[in-house]
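Scroll down for the structure; my scribbles are underneath it.
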Amino acid sequence: MPESPESEFLQTPSQTVGPFFGYALPFAGGESVAAPWHPAAIRLHGTVFDGAGQPIPDAIVEIWHPDADGRVISELGSLARDGHTVTGFGRTPVDRRGNYDFSTIKPGATRADAAPYVLVTIFARGLTHHLFTRAYFGDEVDRNASDAFLDGVDPSRRPTLIATFDAPHSYRFDIRLQGDDETVFLDFDAESHD
Amino acid sequence: MTIPAEQLTQEMVSAEIEQIHAEHGEWARAGGRPLPVHPPRDFLPYRSTALRHPTHELVRADPEEIELASPAFGHTDVAAEESDLTIQHTGEPLGERIIVTGRVLDGDGRPVRNQLVEIWQANASGRYVHKRDQHPAPLDPNFTGVGRIITGDDGGYSLTTIKPGAYPWKNHRNAWRPAHIHFSFFGSAFTQRLITQMYFPGDPLFGLDPIYQSIVDPAARERLVARYDHDVSRPEWAIGYRWDVVLTGPKSTWMEPEDADHA
């Protein structure tokens, strides 16, 4: 939707999450979108790096994804987890070594011709506006190959969008904010600037 | 080339801010473009951005169904008393009691209903509970500084808290943050996700602060400043501020079920 300068309802600007969110944004079970004992549980984990290749110790990562059949989940309980309901939303701060570690389920694709992925959002001190990326799954070779979005990404950078299958039921998705293997970050709003 | 933070003066940082604002102004005028609403991620005066901003352009993506929806939050996720940061301990916190209220709207002015608003802040002395905050100002045993609320049918929220103090940080020598409350919002679409900071009117530190000034559009900066609203103030109790928030961007076509909130 184009936003004209005359519009009464103008976007509120972003500000950095800052360094002191640690006692506020994390919540109990935030990293456990599906309990590790869930029969379909997967691990989605990785490290957030800065432009010097150093792990960032003060980022916070959110994930959001549909259910195993690709349907958007509208269950309550993301903040007050009951230990069973998969709401599709997770949030976890990285540890001192920049690592984040989610337990969740592998989502389905929301469209028949698309590959499944997890939407990943990164906030950090020094990041004035959050970054969006998508973690596609390394073992979905055929679906990834026929996905229109992935197909449009520079092939040299495409691997940064793929979570690698690093152990049974486990995927590794490192996030590089800057540098040689900088993660592909997404702009969903480009339309509104046309 | 890199100047250590303790040798970096406010004058140097202010000059950098002025130059970047001027460059953006020229870019907007020359191209007949509006200034960007959100701060550039590469903003030298805020030193921590140096190694944390992507150098590639963001890749344009059409939002898919999941990105046009948001997680469902409800009153089962947030207790009513979480909206009052002054009642979380046995005693009253020190400082100026305030009410901050407003509405969360989309770009068409429609309310963002039943969505999660989270806040965190320093206490009246400018000290965060966070263990990495080393500012030698007192902690308040009666104030944590964390609140949550679910927006109402009109997109409204109302929080009772204490006016936070300004506090020093180590971006440069004698750097002070204007008093602010951190806010986190979910829109009706995940693409509208927003974390930002709300400020108080008339703060003398605005012009000096690289974080506030990272927003290059002066009109957009002003949208982060709450306004004093005497109708919100309550006699013999609290000073009132009003702050409305707008989350634009791609919108949801997916309708929330009527009974999504089982409160």
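Computed from heavy atoms alone, side chains included, the values below leave out hydrogens, waters and symmetry copies. Sequence lines set the chain letters: A, B, ... in the order given, protein chains first and strands last, and positions in each chain run from 1.
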What part of A148(A) lies closer than 4.5 angstrom to a heavy atom of chain B: side chain, backbone, both or neither?
neither

Would you mind checking which part of E62(A) comes under 4.5 Å of any heavy atom in chain B, side chain (CB onward), backbone (N, CA, C, O), both or neither?
side chain

Given that the side chain runs from C-beta out, which part of L105(B) has a heavy atom under 4.5 Å from chain A: side chain, backbone, both or neither?
side chain

Within a radius of less than 6.0 Å around CG of D180(A), do more than 12 heavy atoms belonging to other residues, nucleotides or ligands occur?
no

Do we get R193(B) above F186(B)'s six-membered ring, with its NZ or CZ under 6.0 Å from the centre and within 45° of the axis?
yes

Without swapping roles, check the side chain of D174(A) against the backbone of G46(A) for a donor-acceptor pair under 3.5 Å.
no

State whether the side chain of Q178(A) and the backbone N or O of H53(B) hold a donor-acceptor pair below 3.5 Å, judged by distance alone.
yes

Taking D217(B), L51(B), T55(B) one by one, which has the highest count of heavy-atom pairs under 4.5 Å against chain A?
L51(B)

Based on non-hydrogen pairs under 4.5 Å, which of L58(B), L116(B), D77(B) is most in contact with chain A?
D77(B)

Under 3.5 Å, is there a donor-acceptor pair between the E31(A) and T92(A) side chains?
no

Let's test your reading of the structure: which of R177(B), H182(B), R41(B) forms the most heavy-atom pairs below 4.5 Å with chain A?
R41(B)

Out of R47(B), R52(B), R221(B), which one racks up the most heavy-atom pairs below 4.5 Å with chain A?
R52(B)

Honestly, the part of P36(B) sitting under 4.5 Å from a heavy atom of chain A is neither

Measure distances from E118(B) to the heavy atoms of chain A and classify the residue's part below 4.5 Å as side chain, backbone, both or neither.
side chain

D139(A)/K106(A) ion pair, N-O < 4.0 Å:
yes

Ion pair present between E182(A) and R176(A), side-chain N to carboxylate O less than 4.0 angstrom?
no

By a 4.5 Å heavy-atom criterion (distance strictly below it), what part of F190(B) contacts chain A: side chain, backbone, both, or neither?
both

Under a 4.5 Å heavy-atom cutoff, which of T133(A), V48(A), L131(A), V184(A) has the most pairs with chain B?
L131(A)

Give the member of I122(A), L25(A), V153(A), T183(A) that has the highest number of heavy-atom pairs under 4.5 Å with chain B.
L25(A)

Of the backbone (N, CA, C, O) and the side chain (C-beta and beyond), which part of F132(A) lies under 4.5 Å from a heavy atom of chain B, both, or neither?
side chain

Whether Y128(B) and Y167(B) hold their rings parallel, tilted or perpendicular, with breakpoints at 30° and 60°
perpendicular

Under a 4.5 Å heavy-atom cut-off, does chain A meet the side chain of A219(B), its backbone, both or neither?
neither

Donor + acceptor pair across side chains of T128(A), H38(B) (<3.5 Å)
no

Which one of T49(B), I215(B), I195(B) has the most heavy-atom pairs closer than 4.5 Å to chain A?
I195(B)

Looking at chain B, which one of G22(A), A124(A), G77(A), G179(A) has the largest number of heavy-atom pairs inside 4.5 Å, strictly under?
G77(A)

Side chain, backbone, both or neither: which part of R157(A) has an atom under 4.5 Å from a heavy atom of chain B?
side chain

Checking F185(A) against chain B: side chain, backbone, both or neither under 4.5 Å from a heavy atom?
both

Contact class of L119(A) relative to chain B, heavy atoms under 4.5 angstrom:
side chain

Go through it in stages, so that I can follow the logic: the residues are R81(A) and T87(A), the test is side chain to side chain donor-acceptor pair (under 3.5 Å), and I'd like the CA-CA distance, side-chain angles, deciding distance and then a yes or no.
CA-CA 9 Å; R81(A) 302 264 198 226; T87(A) 66; 3.3 Å; yes

Quick check: do M198(B) and F200(B) have side-chain heavy atoms less than 4.5 Å from each other?
yes

Quick one: do the H45(A) and D166(A) side chains pair a donor with an acceptor below 3.5 Å?
yes

Where do A35(A) and A41(A) come nearest, in terms of heavy atoms and distance?
O-CB, 3.5 Å

Between T85(A) and E75(A), does any side-chain donor sit less than 3.5 Å from a side-chain acceptor?
no

Between A50(B), P54(B), G147(B), which residue shows the highest count of heavy-atom pairs closer than 4.5 Å to chain A?
P54(B)

Is F49(A) close to chain B through its backbone or its side chain, or both, or neither, when contacts mean heavy atoms under 4.5 Å?
neither

Top contributor to chain B interface from R71(A), R111(A), R134(A) [non-hydrogen pairs under 4.5 Å]:
R134(A)

Heavy-atom proximity to chain A below 4.5 Å, by part of E222(B):
neither

